[in-house]
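The structure appears below as structure tokens.
Note that ligands are numbered from 1 as they come in the structure, with each ligand's atoms numbered from 1 the same way. Not measured: the values here are computed from a predicted model.
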Amino acid sequence: MIDLHSHTNESDGTYTPAELVDEALRRGLEALAITDHDTFAGYDQAVRIAGAKGLDLVCGIEINTRMARSENGRERTWSIHLLGYFLHEPPSLTFREWLFDLLESRRERNARLVKKLQSMGVDIELSEVEAVGRTLTGRPHFARVLMNKGYVSSTEEAFRKYLGESAPGFVHRDSPHTVMGIQQIEAAGGLPVLAHPVRLGVRDPRQEEDLISELRDAGLRGIEVYHSDHRPADVERYAAIAKKFGLAVSGGSDFHGDAKPNIRLGTGANGNLNVPCKVLQDLRKK
Ligand code: AMP
Ligand code: FE
Ligand code: FE
Ligand code: ZN
């Protein structure tokens with residue numbers, strides 16, 4: 001069994017890179033990809049430890065992107081998560097610099113988010129959120145602070161009442177265009193893969209195929225067929241789409257540690273996941 005989608009506490013997970021490596025070994029994984037949001041800091045720390053302990057560690061990243069596209073004749077903005085796998089070469093310096101710009105845009109958004117929350121009467125300072133999230137402070141860390149201070153009792157409630165797109169505290173962040181994300185990953189020597197396609201929320205299978213084929217035409221090379229959110233019917237549908245469009249197959253739990261306690265490394269939600277080693281062998285051939 002392998003797991004090609006996981007997060008450390010360098011992004012919004014709760015396990016340190018070393019703890020994540022230990023958890024992978026404890027659960028008997030043959031390979032693990034660290035795919036933190038917008039940073040390689042977790043991978044950089046884990047790679048030496050994994051090497052010493054004999055775990056096959058894959059360098060990865062997850063980038064939140066946006067794309068405007070019409071659905072049933074109406075223009076809609078899609079939030080599209082891309083995974084990048086650096087299977088043969090380390091990510092280029094140019095790519096790391098691009099990530100730095102993404103960090104900057106989130107930091108700037110965070111300052112506006114704090115002001116907005118304060119204007120709603122919430123007692124919160126940027127410094128206390130950054131103490132939790134450090135380099136990659138984002139909305140999940142705001143959610144944790146709101147919970148710790150008793151404003152909400154769950155992450156879900158924090159997003160519903162304060163942080164989510166339809167919540168009163170929401171402030172916009174400029175995320176990169178999906179095509180730009182695909183191109184940046186490719187140019188840096190990575191394999192661009194569509195993360196958890198089920199979360200796109202396209203109900204009509206025809207439209208879902210159209211969207212994925214459009215991404216393929218823009219340079220997408222793979223699709224996450226196996227994921228904790230995917231039901232057996234989803235896995236079957238995405239495997240067929242991968243075959244039809246010549247996309248590589250990927251899969252992982254999207255483990256976030258205690259931030260998403262129902263998801264376990266390797267086996268996903270209630271044991272619904274078991275990604276075979278062959279998936280990584282085929283990815284490496286791409
Ligand atoms: P940010 O990039 O700082 O805007 O935060 C985005 C992250 O927040 C995503 O990667 C998700 O992990 C998390 N997130 C977004 N919406 C929700 C939600 N409704 N409930 C829980 N987590 C969410
Ligand atoms: Fe996350
Ligand atoms: Fe994601
Ligand atoms: Zn993820």
Side-chain angles (χ1 to χ4, degrees), residues 3-15 20 32-40 42-43 58 60-66 77-85 99 101-114 116-117 126 129-130 132-147 152-176 181 193-201 223-224 226-230 250-265 268-269 273 275:
D3 193 326
L4 300 179
H5 192 158
S6 70
H7 297 265
T8 74
N9 67 348
E10 289 294 338
S11 66
D12 57 349
T14 60
Y15 281 42
L20 190 63
L32 171 75
I34 292 181
T35 54
D36 274 320
H37 301 280
D38 302 353
T39 179
F40 294 111
Y43 170 81
V58 174
I61 195 118
E62 183 171 13
I63 313 264
N64 296 9
T65 68
R66 272 175 190 273
T77 303
W78 303 80
S79 167
I80 298 178
H81 291 193
L82 293 174
L83 293 163
Y85 293 113
L99 294 182
D101 294 343
L102 298 184
L103 282 185
E104 278 299 306
S105 96
R106 189 181 274 101
R107 210 169 279 151
E108 180 269 329
R109 187 278 318 267
N110 290 345
R112 283 185 287 124
L113 181 51
V114 164
K116 184 78 172 264
L117 292 172
L126 186 55
V129 192
E130 287 185 335
V132 179
R134 296 174 300 140
T135 326
L136 208 102
T137 300
R139 283 183 291 160
H141 307 106
F142 277 81
R144 227 175 291 166
V145 170
L146 291 172
M147 263 167 78
V152 294
S153 54
S154 68
T155 307
E156 189 269 320
E157 191 186 352
F159 275 88
R160 187 160 37 83
K161 287 199 175 154
Y162 294 99
L163 309 169
E165 291 204 13
S166 18
F170 181 75
V171 298
H172 177 78
R173 169 169 86 92
D174 282 328
S175 26
V193 170
L194 175 63
H196 41 65
V198 80
R199 285 207 205 145
L200 294 172
I223 178 170
E224 194 170 47
Y226 308 100
H227 186 273
S228 302
D229 287 358
H230 290 179
S250 180
S253 63
D254 211 348
F255 181 75
H256 281 72
D258 305 331
K260 292 183 185 172
N262 62 323
I263 290 166
R264 305 195 67 182
L265 195 65
L273 204 71
V275 183

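For a distance bound of 2.8 Å, the N, O or S atoms of His7 include none lying that close to the Fe ion (ligand 2).
Salt bridge Glu157/Arg160: absent, no basic N to carboxylate O contact under 4.0 Å.
Of the inter-residue distances, the one linking Tyr43 atom OH with Leu20 atom CG reads 13.5 Å to the nearest 0.5 angstrom. Atom NE2 of His141 and atom CG of Leu136 lie 7.0 Å apart (nearest 0.5 Å).
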Protein N/O near ligand 1 N/O, under 3.5 Å, which pairs?
| residue | atom | partner | partner atom | Å |
| --- | --- | --- | --- | --- |
| ligand 1 | 2 (O) | Arg106 | NE | 3.3 |
| ligand 1 | 2 (O) | Arg106 | NH2 | 3.0 |
| ligand 1 | 2 (O) | Arg173 | NH2 | 3.4 |
| ligand 1 | 3 (O) | Arg106 | NE | 3.2 |
| ligand 1 | 3 (O) | Arg109 | NH2 | 2.7 |
| ligand 1 | 3 (O) | Arg139 | N | 2.9 |
| ligand 1 | 4 (O) | Arg109 | NH1 | 2.9 |
| ligand 1 | 4 (O) | Arg139 | NE | 2.7 |
| ligand 1 | 4 (O) | Arg139 | NH2 | 3.1 |
| ligand 1 | 12 (O) | Asp12 | OD2 | 3.4 |

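Put simply, the side chain of Thr8 never gets that close to the backbone of Tyr15: no donor and acceptor are under 3.5 Å apart. Between the side chain of Thr137 and the main chain of Arg107, no donor-acceptor pair closer than 3.5 Å is present. Of the possible polar contacts, none joining the Ser253 side chain to the Leu265 backbone as a donor-acceptor pair under 3.5 Å is found.
Nearest N/O/S atom of Asp12 with respect to the Fe ion (ligand 2) is recorded as OD2.
There is a side-chain donor-acceptor pair under 3.5 Å between Ser175 and Arg66.
Using cut-offs of 30° and 60° for the angle between ring planes, the His256 and His7 rings count as parallel. In this structure, His227 and His196 have perpendicular ring planes: the angle between them is above 60°, well past the 30° mark. Between His172 and Phe170, the ring planes lie perpendicular to each other; the angle is over 60°, past the 30° to 60° tilted range.
Shown here are the protein N/O/S atoms lying under 2.8 Å from the Zn ion (ligand 4), water excluded: His5 NE2, His7 NE2, Glu62 OE1, Asp254 OD1.
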